[in-house]
Amino acid sequence: MIKTSAEIKRVVFEPAALNYPLGKKLYHAFRQKGLEIHFTPSHNRVICVPGKSVQESFVEAKRTLVVGVRRSRHLETCKPSAHYQLPLATSCPAMCEYCYLFTHFGRRPYQRIYVNLSEILELAAEYIERRKPEVTVFEAAATSDPLPVEKYTGNLARTIEFMGNQPLGRLRVVTKFTDVANLLGLDHRGHTRFRFSINAANIIKRFEHGTPPLAERLAAALKIVKAGYLPGFIIAPIFYLDGWQEQYRALFQEIARQPLLAEHNDLTLELITHRFTKKAKTTIETLFPKTELPLDEENRTFKYGQFGYGKYVYPAKVKTEIESFFKEMVAAYLPRAAIEYFI
Ligand code: SF4
């Protein structure tokens with residue numbers, strides 16, 4: 001069994017990061033804390049991560065923080081939740097067995113933060129300019145869960161305030177984590193939609209290792225609503241496993257116990273059924289040999305996704321059954337919420 005820990009053990013600097021004030025500050029702070037410090041000429045060559053087995057290397061990679069500079073002048077598109085990805089970090093310290101990042105980041109998913117946020121935000125401003133007078137929506141969590149590293153960078157807080165100042169810019173954030181204290185007093189001007197990724201309690205317990213339990217996520221969501229952010233929930237991945245209807249009904253009942261959330265007049269829901277790629281399946285089976293995730297290709301339909309690689313999704317009949325059940329749950333427990341998409 002893989003042991004989880006959010007503690008950072010070593011930090012790897014790209015030398016260029018030290019040319020930025022945040023890079024310098026982090027270098028001194030991590031040295032003072034006595035963490036292992038390494039340097040790498042490229043974030044693709046992080047060779048200091050130890051481990052005698054694939055599992056050990058994976059755990060050690062999750063405890064490795066790369067401090068770097070984001071150089072690309074290109075922002076990826078981000079369907080269906082936003083127009084563009086706004087990369088503030090990559091990966092996260094948790095170890096969800098189904099992690100959607102396995103396809104891209106494989107078995108060495110070290111966490112990476114960027115010290116050149118001003119340049120990233122300038123780029124976002126250019127993208128906003130190109131689309132005006134239309135509003136441009138950015139997703140801050142497409143390649144990471146941005147909350148666990150916020151204590152090092154403050155990047156999310158700065159981005160939220162930056163978007164607050166953009167008449168035509170909007171931000172969407174999603175997290176499974178709960179440390180929202182430094183975000184509550186920000187001048188966001190209603191331009192950020194803050195969603196929590198949640199699931200049935202049993203799914204969280206079985207598959208989302210190293211993440212806060214459902215009750216803590218809902219408590220953090222309440223704080224976010226009280227701070228005036230637009231709220232949302234992503235329920236993902238939705239599993240068609242034994243007892244799924246009772247488990248997801250209990251999830252809706254749990255949300256409904258909080259009137260500030262359940263009766264909010266602009267609460268959004270994003271509903272995503274479980275899917276996997278061949279590459280992710282291989283990684284999952286290596287890292288979690290006893291996984292109970294449903295990964296049989298024969299029970300799925302193969303479908304090409306937006307990045308050109310294929311995914312195994314639930315067959316249309318199962319998907320329709322899940323969709324109508326979720327619509328029923330939303331009508332019964334969150335009648336004011338809007339389902340943004342179901343996939
Ligand atoms: Fe992956 Fe999100 Fe889980 Fe982190 S919290 S392991 S990014 S699914």
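In each ligand, atom 1 is the first atom listed, and ligand 1 is the first ligand listed. Counting begins at 1 with the first residue of the sequence.
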Describe, in one word, how the ring planes of Phe326 and Trp244 are oriented to each other, choosing from parallel (under 30°), tilted (30 to 60°) and perpendicular (over 60°).
->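 Answer is parallel, since the angle falls under 30°.
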Cluster question for you: counting only ILVMFWY and a side-chain heavy-atom cut-off of under 4.5 Å, with indirect links fine, are Leu222 and Ile224 together?
->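 Yes; Ile224 is reachable from Leu222 via cluster members.
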Excluding waters, which protein N, O or S atoms are within less than 2.8 Å of atom 1 (Fe) of ligand 1?
->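 Per the 2.8 Å query on atom 1 (Fe) of ligand 1, atoms found are Cys99 SG.
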Could you check Tyr20 against Glu119 for side chain to side chain donor-acceptor pair (under 3.5 Å), going step by step and ending with a plain yes or no?
-> CA-CA 11 Å; Tyr20 292 81; Glu119 290 162 14; 2.9 Å; yes
When rounded to the nearest 0.5 Å, the distance separating CD1 of Ile255 from CD1 of Ile235 is 5.0 Å
Please check if the distance between the ring centroids of Tyr27 and Phe13 is under 6.0 Å.
->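 Yes.
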Can you list the ligand 1 atoms lying under 4.0 Å from a non-hydrogen atom of Lys176?
->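 Answer, ordered by atom number: 2 (Fe), 3 (Fe), 5 (S), 8 (S).
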Out of Leu293, Leu241, Thr291, which one pairs with Arg206 under the side-chain contact (heavy atoms from CB on, under 4.5 Å) rule?
->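 Running side-chain contact (heavy atoms from CB on, under 4.5 Å) over Leu293, Leu241, Thr291 with Arg206 returns exactly one hit, Leu241.
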